[in-house]
**Q** 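Below you will find the structure I want to go over with you.
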Amino acid sequence: GAGVSQTPSNKVTEKGKYVELRCDPISGHTALYWYRQSLGQGPEFLIYFQGTGAADDSGLPNDRFFAVRPEGSVSTLKIQRTERGDSAVYLCASSDRRAGGETQYFGPGTRLLVL
Amino acid sequence: SQQGEEDPQALSIQEGENATMNCSYKTSINNLQWYRQNSGRGLVHLILIRSNEREKHSGRLRVTLDTSKKSSSLLITASRAADTASYFCATDPRGGNKLTFGTGTQLKVEL
């Protein structure tokens, strides 16, 4: 079946602009995760949804970052007043928590460049 | 923050040789997972080992876990050029929650 998809693949924006990144999880997966990966580093956790609610948002760096998952499927990561330091690859993953699944399946990521 | 560290940071071997990567972590875990990443994009899940397991195999992959030393190793046997990638370990403290990734090992397999 289809894997996790993310759009856009690449996003170039100017400092101070607002961006939205979209994630389509694997159909039926109840859990959805956002990570951010800077060059040469491992991914860092941002936020985790179980269904529609954010179960853990402890990784969001500040209040410019916000994520939603209104119907328990697609999620949008929103970044306000972007800064050059926000440039990174944003990765989304999903897992089937109903089946006790701990394996997270990752999408291809969105490469964000803030000029 | 990064929980673990992979060792070595970079590894270059010849095709057919074995590659061993090590991962150390700091806090207690429910499970530890290994992922592969090509060209800095999506991660591919390789194998998951639970805290009560000591060794696991999947094809050419062998993973060990020593919870007393808070360390894990990934062995790739009979490596191929297609194994060239970055490899990350990730710890899961509670099972199905957020993953904390290490810094990665860049493996290059040369023909």
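Chain naming here is simple, since letters A, B, ... match the order of the sequence lines and numbering starts at 1 in each. Keep in mind that this is a model prediction, so the values were computed, not measured.
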**Q** Taking the side chain as C-beta and beyond, is there a heavy-atom pair between A:Q37 and B:F88 under 4.5 Å?
**A** yes
**Q** Would you give the length of the straight line joining atom CG of B:L99 to atom CZ of A:F106, rounded to the nearest 0.5 angstrom?
**A** 6.0 Å
**Q** Inspect the surroundings of CD in A:E71 and state if more than 12 heavy atoms from other residues, nucleotides or ligands are less than 6.0 Å away.
**A** no
**Q** Got a second to check how far B:K98's NZ is from A:I47's CD1, nearest 0.5 Å?
**A** 11.5 Å
**Q** If you group Ile, Leu, Val, Met, Phe, Trp and Tyr by side-chain heavy-atom gaps below 4.5 Å, do A:Y35 and A:V19 land in one group?
**A** no
**Q** Measuring from atom CG of B:L43 to atom CD of A:Q104, what distance do you get when rounded to the nearest 0.5 angstrom?
**A** 10.0 Å
**Q** With a cut-off of 6.0 Å (strictly less than), are more than 12 heavy atoms of other residues, nucleotides or ligands near CZ of B:R80?
**A** no
**Q** For B:L48, is it the side chain, the backbone, both or neither that has a heavy atom under 4.5 Å from a heavy atom of chain A?
**A** side chain
**Q** How long is the span from the CZ atom in B:R94 to the CG atom in A:D56, to the nearest 0.5 Å?
**A** 7.0 Å
**Q** Starting at CD of A:E102, measure out to NE2 of B:H45 and round the result to the nearest 0.5 Å.
**A** 9.0 Å
**Q** Would you say that B:Q37 contacts A:P43 through its side chain, given a criterion of any heavy-atom pair below 4.5 Å between the two side chains?
**A** no
**Q** Side-chain heavy atoms nearer than 4.5 Å, only ILVMFWY residues, links allowed to pass through others: does that put B:L74 and B:I29 together?
**A** yes
**Q** Distance check, rounded to the nearest 0.5 Å: A:T103 atom OG1 versus B:L46 atom CG?
**A** 11.0 Å
**Q** So does A:L39 have more than 12 non-hydrogen atoms from other groups sitting under 6.0 Å from CG?
**A** no
**Q** According to a 4.5 Å side-chain heavy-atom criterion applied to Ile, Leu, Val, Met, Phe, Trp and Tyr, with indirect links allowed, do A:L60 and A:F66 form part of one hydrophobic cluster?
**A** no
**Q** Would you check, one step at a time, whether the test ring pair (Phe, Tyr, Trp, His ring centres under 6.0 Å) holds for A:F45 with B:F101?
**A** CA-CA 9 Å; A:F45 170 79; B:F101 285 82; over 10 Å; no
**Q** If hydrophobic clusters are built from ILVMFWY residues whose side chains come within less than 4.5 Å, do A:Y105 and B:L32 share one?
**A** no
**Q** For A:S9, which atoms come within 4.5 Å of any heavy atom of chain B: side chain, backbone, both, or neither?
**A** both
**Q** Linking I/L/V/M/F/W/Y whenever their side-chain heavy atoms sit closer than 4.5 Å, directly or via other members, would A:Y48 and A:I79 fall into one cluster?
**A** no
